[in-house]
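One structure is given below, encoded as C-alpha cells.
Quick caveat, the model's predicted, so the values are computed rather than measured. So you know, we letter chains A, B, ... as the sequences are listed, proteins then strands, and number each from 1.
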There are 2 protein chains.
Amino acid sequence: MGDPRTRLEAMLARLRERKFRITPQRLAVLKILSESRGHPGVEAIYRQVQRDFPTTSLATIYKTISLLKELGEVLELGFPEGGNRYDGNRPYPHPHVVCIRCRKIMDLDLAGFEGLSREVSAKTGFRIVNHRVDFFGICPECQEKNRKSVLP
Amino acid sequence: MGDPRTRLEAMLARLRERKFRITPQRLAVLKILSESRGHPGVEAIYRQVQRDFPTTSLATIYKTISLLKELGEVLELGFPEGGNRYDGNRPYPHPHVVCIRCRKIMDLDLAGFEGLSREVSAKTGFRIVNHRVDFFGICPECQEKNRKSVLP
DNA sequence: CTTCATGCAAAACATTTGCAGCTGG
DNA sequence: CCAGCTGCAAATGTTTTGCATGAAG
C-alpha cells in the first residue's frame, strides 16, 4: 500500500517493465479496469471498449485481462455460472457482497478479518495462499424496488 | 440440528415427501453423497455409481444432484474452472479449505464466524441470504511430498 | 397402467486457442 | 523492420436439455 501512482500508471508501468506493448485496445481496457469501482464483467468491458474501437474482438478483451491477471494487476472474481467480474483497483483477495438480484458487487471491509488466514493455517496445517469470501443477498435498492411492487 | 436420522434417511424422506421416485441410480447417488466426507465431484460420483449400474449416464448424475439441490439436501461448491464438488452431510453454507495441489476439500470450523453475516448486513444494508468462504492453499500431505522432492 | 426417470446425443455457453495479417516501438 | 498483437472462427469442456424408451409405484 501507499503507492502514490494511480492504478492506471501502475498497470502501464508493469506492462512496460515486462516489455509488453501498449496498444490502443489494451489502454482502453486498463482505463476501464482502473477507473471502475463496479467490478465490470467481460461483456461490459467489451461494450465500453467498442465505443472507441468498434472492431475490437471479445478475444482481445479476454487476452488483455488474462495478461493483467498474470501480472497481478487485476483480481478475477470467477463464478461457476460464468460471467466473471474484475477488480482493477484492489488486485488482491478481499471480501465482497454480491446482489443476487441486480448483480451489483461491492467491496467489503470486515473488522478482524486479517487474522483469519492464520487461524485457518493453525487449525488445518494448510499453507494458505489465497482466499475467496463472498456474501450474497439483496442490496438496499433492490429491496426497495421489491417493496414497491409487492405492496400497493 | 439435532435430527436423529442419518443423512441418507433424511434425503429419502424428503424425496418421498415430495413424491419423487426412488430409483436404484438415485439411491446410489444419495448413498455416496451421504456417506462421503470428501466432497466428491460429479465424475467421482459417476465412476462410483457405474460400479453397480454400468449403464448409468452422466446426465442422470447431474439430474439427481440438481434435484437434491432444489430439495436443499446437498450443498454445491461450484468453481469457475468447473469440476463442482458436493457436500451431502452439511447441506448449508460453511467455510472450506481447498488444497490447490491435490484438490482435497475439508470443512472448516471457524471461531466467531456466525456473527459475520449480521455485521455485513449492518454495514451494507444488504439482506444476506447466502455466503461462500473458501481458503486455498497446500495441505500438509502435499507440503510433505514437495519437501521430499525438492530437498535431496 | 400411467407418470416420471433414464440414457443417449445434441445443445448451450463462457472462455480459450490457432493462425493470417497488421502494427507498435 | 519484425516480434508481438489483433480479430476471426473454430475448439474446448462442463453442464443442460430434448426426446424415445423403460421402469417405479
Side-chain angles (χ1 to χ4, degrees), chain A residues 11-30 32-33 39-71 74-86 103, chain B residues 11-33 39-71 73-86 103:
Chain A
M11 290 175 172
L12 288 171
R14 189 63 62 97
L15 283 182
R16 289 199 196 92
E17 163 194 322
R18 300 278 295 271
K19 302 264 194 290
F20 290 106
R21 290 183 183 162
I22 295 164
T23 65
Q25 295 91 331
R26 278 185 182 167
L27 185 56
V29 173
L30 298 212
I32 293 166
L33 282 173
H39 304 81
V42 173
E43 278 294 334
I45 297 172
Y46 180 49
R47 283 194 305 270
Q48 215 168 324
V49 172
Q50 279 209 319
R51 291 211 293 253
D52 292 325
F53 306 94
T55 67
T56 306
S57 68
L58 253 182
T60 294
I61 310 290
Y62 275 109
K63 283 166 183 165
T64 300
I65 289 173
S66 174
L67 176 59
L68 288 172
K69 272 193 290 175
E70 282 170 39
L71 297 176
V74 72
L75 175 70
E76 180 177 64
L77 295 177
F79 294 90
E81 321 79 47
N84 295 355
R85 307 281 287 267
Y86 299 90
R103 298 264 102 202
Chain B
M11 290 176 172
L12 287 172
R14 191 64 61 97
L15 283 183
R16 289 199 196 95
E17 162 193 323
R18 299 278 296 273
K19 301 264 193 292
F20 289 106
R21 289 180 183 164
I22 293 164
T23 65
Q25 294 92 329
R26 279 185 179 165
L27 185 56
V29 173
L30 297 213
K31 272 186 183 157
I32 292 166
L33 283 173
H39 304 82
V42 173
E43 278 295 333
I45 297 172
Y46 179 49
R47 283 195 305 270
Q48 215 170 322
V49 172
Q50 278 209 321
R51 291 211 294 253
D52 292 325
F53 306 94
T55 67
T56 306
S57 69
L58 253 183
T60 294
I61 310 290
Y62 275 109
K63 284 166 183 165
T64 300
I65 289 173
S66 174
L67 176 60
L68 288 173
K69 272 193 289 177
E70 281 169 40
L71 298 177
E73 292 295 330
V74 71
L75 175 70
E76 179 177 64
L77 295 177
F79 294 91
E81 320 79 48
N84 296 355
R85 307 281 286 266
Y86 298 90
R103 299 264 103 201

Would you check if the side chain of [X] reaches a backbone N or O of [Y] as a donor-acceptor pair within less than 3.5 Å?
| X | Y | answer |
| --- | --- | --- |
| Arg85(A) | Leu77(A) | no |
| Thr60(B) | Thr56(B) | no |
| Asp52(B) | Ala28(B) | no |

Under a 4.0 Å heavy-atom criterion, the protein footprint on nucleotides 15-25 of chain D, written with B, S and -, is BBBB----BBS

* Asked: Do the side-chain N or O atoms of Gln25(A) get closer than 4.0 angstrom to the phosphate oxygens (OP1, OP2) of dT23(C)?
  -> no

Send over the distance from [X] [atom1] to [N] [atom2], rounded to a whole Å.
| X | N | atom1 | atom2 | answer |
| --- | --- | --- | --- | --- |
| Tyr46(B) | dT6(C) | OH | P | 14 Å |
| Leu12(A) | dG24(C) | CG | P | 15 Å |
| Ile61(B) | dT14(D) | CD1 | C1' | 15 Å |
| Leu15(A) | dG4(D) | CG | P | 14 Å |
| Lys19(A) | dC5(D) | NZ | P | 13 Å |
| Asp52(A) | dT6(D) | CG | P | 15 Å |
| Glu43(B) | dG13(D) | CD | P | 12 Å |
| Ile45(A) | dA14(C) | CD1 | C1' | 14 Å |

- request: Indicate, with a heavy-atom threshold strictly under 4.0 Å, whether Glu81(A) touches base, sugar-phosphate, or nothing.
  value: nothing

Rounding to 0.5 Å, atoms OG1 (Thr55(A)) and CD (Gln25(A)) come to a distance of 6.5 Å

Taking every heavy atom of Leu71(B) against every heavy atom of Arg14(B), the minimum-distance pair comes out as O-NH1, 3.0 Å

Is there a side-chain contact (heavy atoms from CB on, under 4.5 Å) between Tyr86(B) and Leu75(B) once you walk through the steps? CA-CA 6 Å; Tyr86(B) 298 90; Leu75(B) 175 70; over 6 Å; no

